[in-house]
Peer 1: 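Below are the structure tokens for one structure; questions will follow.
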Number of protein chains: 2
Amino acid sequence: MQCEPHQIDKHKKKMMAVQDSMDVLSGKWKISIISSICYYNKRRFSDILNDVDGISNRMLSKELKELEINQLVKRTVLDTHPVTVEYELTEHGLTLKTIINNLTDWGMEHRKKIIGV
Amino acid sequence: MQCEPHQIDKHKKKMMAVQDSMDVLSGKWKISIISSICYYNKRRFSDILNDVDGISNRMLSKELKELEINQLVKRTVLDTHPVTVEYELTEHGLTLKTIINNLTDWGMEHRKKIIGV
DNA sequence: CAGGATCCTATACGATACTG
DNA sequence: CAGTATCGTATAGGATCCTG
């Protein structure tokens, strides 16, 4: 593919941007966790544990912490007995909604196409 | 969150769909590889090796094979000396374009917001 | 050039048990 | 309930060398 130099730069910039996204979102669980919180608006630890098929509490705890650090998720401790913790998306986290929806749609199509046949 | 039973089922279905997508796309490299091919339309092995920052030939080879199996990528051996191999997205792979674009945009925003500040 | 083979390491992840 | 601690395994992944 022949490209003008500034075209090539554009491609590189875009590749970098994708990498930046993936640095935050990649891993086996992150997207699923975000989806869970996103679809239910607010979600407790044990609920997410149930939503995300196969995840262990250790992993969930670790991943949520990372998402919090990256300011995608907000953690609220409720004053109940025993303690309850609620997770919700931050405003920045909410900007992922489009991507979640796209991945949901694509997953359904993919299942039809490849798995379902 | 109180939901009607059929609402809950909807959420579960969506969660499953996201999982299906991630089964194919997750991992450190897949999305970047697809982006590279997507942005350039056709791309040779060594080009992708250059586009995707930090990937080793071993990994690239492995990931491309998986993408081929999942029918996202088409591999064409060109009759040159020495051999050249071109990769392009299949029609099914092209349906990921929206997601790639969204991830690109989101990555740029995220950089501004978190990394760049 | 494209990629396979080999070897090795890091870390991602799971299972289980424990605590405020 | 929402985690943390500990331990063990599996896999992801890097480096290097080799070949048609």
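Only this structure's heavy atoms are used, side chains among them; waters, hydrogens and symmetry mates stay out. Owing to the predicted nature of the structure, the values given are computational and were not obtained by experimental measurement. Order of the sequence lines sets the chain letters (A, B, ...), proteins ahead of strands, with each chain counted from 1.
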Peer 1: Between dT4(D), dC13(C), dG3(C), which one does the side chain of Phe45(B) approach most closely?
Peer 2: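 It is dG3(C).
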
Peer 1: Could you check which of dG3(D), dG3(C), dA2(D) has an atom nearest any side-chain atom of Arg44(A)?
Peer 2: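 Selected nucleotide: dA2(D).
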
Peer 1: What is the distance from CD1 of Ile55(A) to P of dC13(C), rounded to the nearest Å?
Peer 2: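 Roughly 9 Å, once rounded to whole Å.
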
Peer 1: For His110(B) and His92(A), take the angle between the two ring planes, folded into 0 to 90°, and tell me which bin it lands in: parallel under 30, tilted 30 to 60, perpendicular over 60.
Peer 2: parallel

Peer 1: Measuring from the side chain of Ser46(B) (C-beta onward, heavy atoms only), which nucleotide among dA2(C), dC1(D), dG3(D) has the closest atom?
Peer 2: dA2(C)

Peer 1: Between dC1(D), dT16(C), dG14(C), which one does the side chain of Thr84(A) approach most closely?
Peer 2: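 Taking heavy atoms from C-beta onward, the closest nucleotide is dC1(D).
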
Peer 1: State yes or no: do Leu49(A) and Ile33(A) share one hydrophobic cluster built from I, L, V, M, F, W and Y residues joined by side-chain heavy-atom distances below 4.5 Å, directly or via other members?
Peer 2: yes

Peer 1: Using whole Å, report how far CG of Leu60(B) lies from P of dG3(C).
Peer 2: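 Taking CG of Leu60(B) and P of dG3(C), I get 8 Å after rounding.
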
Peer 1: Starting at CG of Asp47(A) and ending at C1' of dC1(D), how long is that distance when rounded to a whole Å?
Peer 2: 11 Å

Peer 1: Go nucleotide by nucleotide along DNA chain C from the 5' end; which of Glu63(A) and Val85(B) gets its closest nucleotide reached first?
Peer 2: Val85(B)

Peer 1: If you compare every side-chain N and O of Ser56(A) against the phosphate oxygens of dC13(C) (OP1, OP2), does one of them come in below 4.0 Å?
Peer 2: no

Peer 1: Lys62(B) NZ to dA5(C) P: how many Å, rounded?
Peer 2: 13 Å

Peer 1: Starting at NZ of Lys28(A) and ending at P of dG13(D), how long is that distance when rounded to a whole Å?
Peer 2: 13 Å

Peer 1: Between atom CH2 in Trp29(A) and atom P in dC13(C), what is the gap in whole Å?
Peer 2: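 That distance rounds to 8 Å.
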
Peer 1: Hey, which sits more toward the 5' end of DNA chain C by its nearest nucleotide, Arg58(A) or Val83(A)?
Peer 2: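 Whichever sits nearer the 5' end wins; that is Arg58(A).
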
Peer 1: If only side-chain N and O atoms of Thr80(A) are considered, is one of them under 4.0 Å from the OP1 or OP2 phosphate oxygen of dC1(D)?
Peer 2: no

Peer 1: Got Ser61(B) and Phe45(B) here, is their nearest side-chain heavy-atom distance under 4.5 Å?
Peer 2: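 They are in contact (side-chain heavy atoms under 4.5 Å apart), so the answer is yes.
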
Peer 1: Atom CD1 of Ile48(A) and atom P of dA2(D): how far apart are they, to the nearest Å?
Peer 2: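 Taking atom P of dA2(D) as the reference, CD1 of Ile48(A) is at 9 Å.
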
Peer 1: Give me the atom names and distance for the closest heavy-atom approach of Gln19(B) to Lys28(A).
Peer 2: OE1-O, 4.2 Å

Peer 1: Once you round it to whole Å, what is the distance between C1' of dA2(D) and OH of Tyr87(A)?
Peer 2: 7 Å

Peer 1: So which of Thr90(A), Asp23(A), Val24(A) actually passes side-chain contact (heavy atoms from CB on, under 4.5 Å) with Asn70(A)?
Peer 2: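 Single pass found, and it is Val24(A).
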
Peer 1: From the options dG14(D), dA2(C), dC1(D), select the nucleotide whose nearest atom is closest to the side chain of Met59(B).
Peer 2: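 Among dG14(D), dA2(C), dC1(D), the one nearest the side chain of Met59(B) is dG14(D).
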
